[in-house]
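What follows is a single structure, written as C-alpha cells, with notes after it.
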Amino acid sequence: MTLKDKHAFASIRRLGRGLRRGDYTSLELTEFFLDRLQRLGPRFNAVATVTGELARTEARRADSELSAGRDRGPLHGIPYGAKDLLATRGIPTSWGAAPMKDRVIDADATVILKLREAGAVLVAKLAMVEIAGGLGYKQSRASFTGAGLNPWDTGRWSGGSSSGPGSAVGAGLCPFAIGSETWGSIMTPAGFCGITGMRPTYGRVSRHGAMALSWTMDKLGPMGRTADDCGLVLAAISGHDPADATSVDKQLEWTKPKKPRPKPHLAVITGCDTHVQKAVRKNFRKSLDKLEKFCRIGEVTLPDLPYEDVAGTLISCEMAAAFEGLVSSGDVWQMTAPEDRWGAHAAMMIPARDYINAMRIRPKIQAALDQLFDGTDALVSPTLATVAYPNDQSFSEYRRGHHASRIGGAGNAAGIPGITVPNGFGEDKLPTGLQLVGPAWSETSLLSIAAEYQDRTDWHEEHPDL
Amino acid sequence: MTSHSTPEPVNRRDFARTLAAATAATAATALETHAQDKKPKTTEEKPEEKPEEKPEEKPQPEPPPPAVLLLETIRQQYPDARLDKQDVLQGIYNELRGDLARSRRLSSFPLENADEPGFLFAALRIDP
C-alpha cells in the first residue's frame with residue numbers, strides 16, 4: 001500500500017490499526033515519515049537531526065515483534081520526534097544552541113527509554129529555541145537551526161521553545177512529538193501550529209536526561225494530533241523514575257478514549273477574552289457553545305497574586321545557576337539571537353533573597369489555585385491572545401495591546417496541568433486554540449473533556465496543504 | 001518573560017562617567033571618614049575653647065543607582081569586550097532595572113515569618 005498524505009495527519013490509533021491490519025509495516029511507515037522529514041523538514045526549520053539509522057532498527061524490531069505476536073501497545077511501531085533537549089545515545093543533543101550543535105550525550109533520557117519500551121520509533125530530534133528560551137529571546141530567530149517556521153504560513157513563527165515539535169506535528173512530519181514546558185513552551189507552539197499539546201502536572205513525567213532550564217518548573221509532555229493521542233503518549237511516559245527524585249508514582253491510565261464525567265464543571269477565567277484578537281474571541285465563544293452541550297460553564301476570577309514575578313524569578317535564578325558556565329566560558333556569545341548572548345548576565349545578579357521570597361509565595365499560589373478547583377473541573381480560556389507572530393517583528397511589537405489570561409504564569413508556577421486543542425482559524429487563516437487547565441493530577445479529566453470536544457468538532461483534522 | 005517599565009537610556013560614555021564620578025566621590029568620602037576615625041587622639045590635646053561652630057555641611061555624593069553598580073559588577077565578574085557595546089550595555093541595564101522592579105514587588109508581598117519556602121516543591125492537590 002502506498003502511504004499518502006492522509007497518513008501523515010492520521011491519529012495514532014488509526015496508524016496502529018493500519019499496521020495491525022497489514023496495510024503497511026512499521027518500516028514502511030518509518031520510511032514515509034523519514035522522507036517527509038528530509039523533504040519538508042528544512043522548509044520549516046523543524047529538524048535538528050533525522051535519526052534514520054536508529055529509526056530503521058527500531059522499526060524492524062517493531063515489525064518482527066508484531067509478526068511474532070508480541071504487541072507492546074498502541075505506540076508499537078509508531079514514529080515520533082523528540083525535542084532536541086532529550087539526551088539520545090550516539091546522536092547529537094544540541095539544546096538548540098550553536099556551541100553544542102555537535103555535542104553527543106552518551107545516554108538516553110528516561111522518556112526516550114520509555115517510548116522505546118512502548119515500541120515507538122524515534123525518527124528525529126526536533127529543533128528548539130536555544131536553551132529552551134531561558135536566555136530571554138525576544139524574536140523568532142533564536143536557534144542555530146533558524147527560526148521555527150509555521151506550517152500554515154512560513155512567514156509566521158511556529159512558537160517556542162518546542163518549535164520543532166510544533167511545526168513537525170503540524171506539518172505531518174511525525175505523528176507525535178515530545179516537547180517541554182517551563183513556561184508556555186508546549187502550549188504556545190501547539191496553539192500556533194494548530195495541534196493538541198499537553199503540559200502535564202509537575203512530577204508526572206521523569207525529566208532525567210532532559211536539559212534542565214529550571215529544576216522546579218520544567219515539565220515534559222506530548223504534542224500530537226488529538227487529545228486521545230496525547231493520552232496514549234502520556235500513559236507511556238508517565239510514572240516514577242528513580243533517576244528523577246521529583247517524579248511521582250502516578251502513571252496515567254489511558255488505553256481507550258475516556259468519556260468525561262457527566263456534565264463536568266468548567267469555569268471561564270474572567271476577562272480572558274477581552275484583550276485578544278477579534279477572531280480569537282469569536283472562536284473562543286464558539287468553543288464555549290460546543291462545550292456547553294456537555295459541560296456546565298461558570299466564571300471564575302483568578303486571585304490577584306504575583307504569578308509572573310514568582311515564575312520569572314524562579315526561572316531566571318535557576319537558569320543562572322544552571323548556565324553560569326556558559327556565560328563565564330564566553331560560549332554564550334555564540335548564541336544565535338543577539339539578545340541571548342547577554343540575556344543571562346543580568347540574572348546572575350538576582351539576590352538569593354528574591355529566589356527565596358518567590359519560593360515562599362509559591363505555596364500560596366498553589367493553595368489559592370487548588371481552592372479555585374473546589375467544584376470546578378477545569379478553567380477555560382483562549383490558549384493565546386493572537387495567532388502566530390510574524391517572523392519579521394519582535395514578539396512585543398506584534399502582541400502589543402493583546403494578552404490572554406494570567407493562567408499561563410499561574411499554572412506553571414503551581415505545577416498544574418493544561419491542554420490546548422485547535423478551535424478554529426483567525427487572522428490570515430492561522431490556527432487559534434482553546435486551553436483547559438485543571439488541578440494537579442487531573443490529566444485524565446482534562447484529556448477526556450478535550451477528547452469529547454474533539455468528538456464534536458473537526459478542527460484537529462484540519463492540516464496545511466503542503 | 002520579565003516585565004519592564006520603560007527604561008531610561010544608558011550609553012557607554014554616560015555610564016562610565018556616572019560610575020567613575022560616583023565611585024570616586026563615594027570612595028573619597030569613605031577614605032576621609034576612615035582617616036578621621038583613625039587619627040590618634042592624644043591626652044595633651046585640649047579642646048579649643050571656641051564658640052561652637054557648625055561644621056560646614058559638605059554635599060553627600062549621590063551613590064550610583066543599583067542597576068549601574070550591578071552592571072559594573074557584571075563587567076568585572078564576566079569580563080568580555082563584547083559586553084561594552086552600546087546595545088548590549090543598554091539591554092543588560094534594562095534587564096537589571098526590570099529585575100530590581102520585580103524584586104521590589106516580591107519584597108512587598110505580605111509574608112509572615114512562618115511562611116517557609118516551598119523548597120520541597122511538588123504539585124499540590126488536597127483531596128476534595
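Proteins come first, then strands; the chains are lettered A, B, ... in the order of their sequence lines, and each starts at number 1.
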Inset, instruction - Please state whether the side chain, the backbone, both or neither of A:Thr201 comes within less than 4.5 Å of a heavy atom of chain B. - result: side chain
Inset, instruction - Can you measure from CZ (B:Arg125) to NZ (A:Lys250) and round to the nearest 0.5 angstrom? - result: 11.0 Å
Inset, instruction - Could you tell me which of A:Val327, A:Leu305, A:Ile361 has the largest number of non-hydrogen atom pairs under 4.5 Å with chain B? - result: A:Ile361
Legend entry - Part of A:Ala413 lying under 4.5 Å from any heavy atom of chain B: backbone
Inset, instruction - Quick one: pull up NE2 in A:His345 and OH in B:Tyr78 and give me the separation to the nearest 0.5 Å. - result: 8.0 Å
Legend entry - Interatomic spacing from CG in B:Leu124 to CG in A:Leu369 - rounded to 0.5 Å: 9.5 Å
Inset, instruction - Find out whether A:Ser316 and B:Arg102 are in side-chain contact, i.e. whether some heavy atom of one side chain is under 4.5 Å from a heavy atom of the other. - result: yes
Inset, instruction - Could you check which of A:Arg204, A:Met359, A:Glu324 has the highest count of heavy-atom pairs closer than 4.5 Å to chain B? - result: A:Met359
Inset, instruction - State, yes or no, whether a side-chain contact exists between B:Ile74 and A:Met349 at a heavy-atom distance under 4.5 Å. - result: yes
Inset, instruction - Taking salt bridge (charged side-chain N to carboxylate O under 4.0 Å, His left out) as the test, write out the residues that go with A:Asp377, two or more places apart. - result: A:Arg261
Legend entry - Heavy-atom contact with chain B under 4.5 Å, split by part of A:Ile350: side chain
Legend entry - Side chain, backbone, both or neither of A:Phe373 within contact of chain B (heavy atoms, under 4.5 Å): both
Legend entry - Side-chain touch A:Lys364/B:Phe109, heavy atoms, less than 4.5 angstrom: yes
Legend entry - Side-chain heavy atoms of A:Trp342 within contact of B:Lys85, under 4.5 Å: no
Legend entry - Within 6.0 angstrom of A:Gln371 CD, more than 12 heavy atoms from elsewhere: no
Inset, instruction - Quick one: which residue pairs count as a salt bridge (Lys or Arg N to Asp or Glu O under 4.0 Å) with a foot in residues 328-354 of chain A, not counting sequence neighbours? - result: none
Inset, instruction - Give, as side chain, backbone, both or neither, the part of B:Leu83 having an atom under 4.5 angstrom from any heavy atom of chain A. - result: both
Inset, instruction - Kindly determine whether A:Asn357 and B:Ser107 satisfy side-chain contact (heavy atoms from CB on, under 4.5 Å), including the steps that lead there. - result: CA-CA 7 Å; A:Asn357 277 339; B:Ser107 291; 4.3 Å; yes
Legend entry - Side chain to side chain, A:Trp333 and B:Asp80, heavy atoms closer than 4.5 Å: yes
Inset, instruction - Check whether any side-chain heavy atom of B:Leu106 lies under 4.5 Å from a side-chain heavy atom of A:Val310, and answer yes or no. - result: yes
Legend entry - Qualifying residues under salt bridge (charged side-chain N to carboxylate O under 4.0 Å, His left out), relative to A:Arg406, sequence neighbours excluded: A:Asp304, A:Glu308
Legend entry - Members of residues 436-447 of chain A whose heavy atoms come closer than 4.5 Å to chain B: A:Pro439, A:Ala440, A:Trp441
Inset, instruction - Look at A:Thr216, A:Val248, A:Thr313 and state which one has the largest set of heavy-atom pairs under 4.5 Å with chain B. - result: A:Thr313
Inset, instruction - Sort A:Ala347 into side chain, backbone, both or neither according to what part of it lies under 4.5 angstrom from a heavy atom of chain B. - result: backbone
Inset, instruction - Taking only Lys NZ, Arg NE, NH1 and NH2, and the carboxylate oxygens of Asp or Glu, determine whether A:Asp309 and B:Arg105 approach each other closer than 4.0 Å. - result: yes
Legend entry - chain A interface, residue from B:Thr73, B:Leu70, B:Val88 that has the most non-hydrogen pairs under 4.5 Å: B:Val88
